[in-house]
There are 2 protein chains.
Amino acid sequence: MFSVSARTQYAIRAMAHLAGGEGHGATSAEIASAEGIPAKYLEGIMSRLKLSGLVESERGKHGGYRMIGEPEDISMLSIVEAMDGSVKPVNCVDAVGTCSQGNGCLPRQFWIGLKKAIDNYLEEHTLKDVTEG
Amino acid sequence: MFSVSARTQYAIRAMAHLAGGEGHGATSAEIASAEGIPAKYLEGIMSRLKLSGLVESERGKHGGYRMIGEPEDISMLSIVEAMDGSVKPVNCVDAVGTCSQGNGCLPRQFWIGLKKAIDNYLEEHTLKDVTEG
DNA sequence: GTATATTCCTACTATCCAGATAGGGATATG
DNA sequence: CATATCCCTATCTGGATAGTAGGAATATAC
């Protein structure tokens, strides 16, 4: 229950690898081989990380990816969301006013609380916590 | 991300229905029709709830299901676990000593922390909170 | 300007699992 | 015996995840 996708776990390893690399940079192929991640699959992951503004990229020879910012400033939530979208135990958590039960719907309040608990935890922890301690 | 299965949501509605019923009891067919849950599918859900000791059952005419205990004593965690097992962001959270990284594996500590945050929230809330407020 | 190394884009396949359905067996009542 | 209920097993289906394939765009080096 509540298991994290392989994609997200790969993404964390990839970010950790970047964090440990020279100038926080590396090529996708490098990361794939060093971390044992399927190379072609990782390409899609790096693309998502870029879309979310966590890394920047340069094409061509001597190209690659570079982390934007420092590990202690990158929340785990931002990585998780970059992969699998926002935490949403049930669909109605962010459906304002569409709940047939109205705004006082107790189950909805309960799920919103769960989302907050998860978001808080993920927001409080950074890439640095997970890699360097 | 981290979405809750339809099964779990059905289970909560079913338990809520039992809680509101005469003597905390009802038949599977009753619940299905009242809550708009596919009858045959609900049977499997009730079976799981029974296996987890949340309800008891009686077969034959005048049979049905009855909640064991009171709504304020039934944690949401117990319902969630009855449906989809324990909260386990990654498999290694409860794999003692099998982590190739040893016990100090930081990512593992991170996921264990997440599990605890989720478990705590679900444990703190009861069926009563979600149904009666 | 050609070769090469990289990111980037699109499409495809395979596998798994949740959700749901179907049919009937076991058991209790009357 | 008839009926109502829980219970068990098998099956189907759609969508998501994980992974693969092929190549286009782009930057560098010689």
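Each chain gets a letter, A, B and so on, in the order its sequence line appears, and its residues count up from 1.
Remark: the backbone N or O of B/Ala117 is not paired with any side-chain donor or acceptor of B/Asn120 at under 3.5 angstrom.
Listed by first and then second residue, the ring-ring contact (aromatic ring centres under 6.0 Å, His included) pairs involving residues 106-133 of chain A are A/Phe110-B/Tyr121, A/Phe110-B/His125, A/Tyr121-A/His125, A/Tyr121-B/Phe110, A/His125-B/Phe110 (not counting sequence neighbours).
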For each nucleotide in nucleotides 9-22 of chain C, reading 5' to 3', give B when a protein heavy atom comes within less than 4.0 Å of its base, S when such contact involves only the sugar-phosphate, and - otherwise.
B---------BBB-
Sequence neighbours excluded and cut-off under 3.5 Å, please list the side-chain donor-acceptor pairs for residues 48-57 of chain B, or say none.
{"from": "B/Arg48", "atom 1": "NH1", "to": "B/Met83", "atom 2": "O", "distance (Å)": "2.9"}
{"from": "B/Lys50", "atom 1": "NZ", "to": "B/Ser57", "atom 2": "OG", "distance (Å)": "3.0"}
{"from": "B/Ser52", "atom 1": "OG", "to": "B/Arg48", "atom 2": "O", "distance (Å)": "3.3"}
{"from": "B/Glu56", "atom 1": "OE2", "to": "B/Arg66", "atom 2": "NH1", "distance (Å)": "3.4"}

Per-pair distances, 0.1 Å, donor-acceptor, side chain in residues 9-16 of chain B, under 3.5 Å, sequence neighbours excluded:
{"from": "B/Gln9", "atom 1": "NE2", "to": "B/Val4", "atom 2": "O", "distance (Å)": "3.2"}
{"from": "B/Arg13", "atom 1": "NE", "to": "B/Glu35", "atom 2": "OE1", "distance (Å)": "3.4"}
{"from": "B/Arg13", "atom 1": "NH2", "to": "B/Glu35", "atom 2": "O", "distance (Å)": "2.4"}

Sequence neighbours left out, cut at 3.5 Å: what donor-acceptor pairs do the side chains of residues 23-32 of chain B make with other protein atoms?
{"from": "B/His24", "atom 1": "NE2", "to": "B/Ala19", "atom 2": "O", "distance (Å)": "3.4"}
{"from": "B/Thr27", "atom 1": "OG1", "to": "B/Glu30", "atom 2": "N", "distance (Å)": "3.0"}

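Near DNA chain D, meaning a heavy atom under 4.0 Å from it, residues 56-70 of chain A has A/Arg59, A/Gly60, A/Lys61, A/His62 in order of number. In the region residues 11-33 of chain A, proximity to DNA chain D at under 4.0 angstrom, judged on heavy atoms, holds for none of the residues.
In this structure, B/Leu106 and A/Asp129 have side chains that are not in contact, with every pair of non-hydrogen atoms separated by 4.5 Å or more. The shortest side-chain heavy-atom distance between B/Met1 and A/Ile118 does not fall under the 4.5 Å cut-off.
Not counting sequence neighbours, the partners of B/Asp119 by the salt bridge (charged side-chain N to carboxylate O under 4.0 Å, His left out) test are B/Lys115. Residues passing the side-chain contact (heavy atoms from CB on, under 4.5 Å) test with A/Ser75, sequence neighbours excluded: A/Leu77, A/Ser78, A/Glu123. With sequence neighbours excluded, no residue satisfies side chain to side chain donor-acceptor pair (under 3.5 Å) with A/Lys88. B/Asp84 pairs by the salt bridge (charged side-chain N to carboxylate O under 4.0 Å, His left out) definition with B/Arg7, not counting sequence neighbours.
Taking a heavy-atom distance under 4.0 Å as the criterion, the stretch of DNA chain D touched by chain B extends 5' to 3' from D/dA4 to D/dC8.
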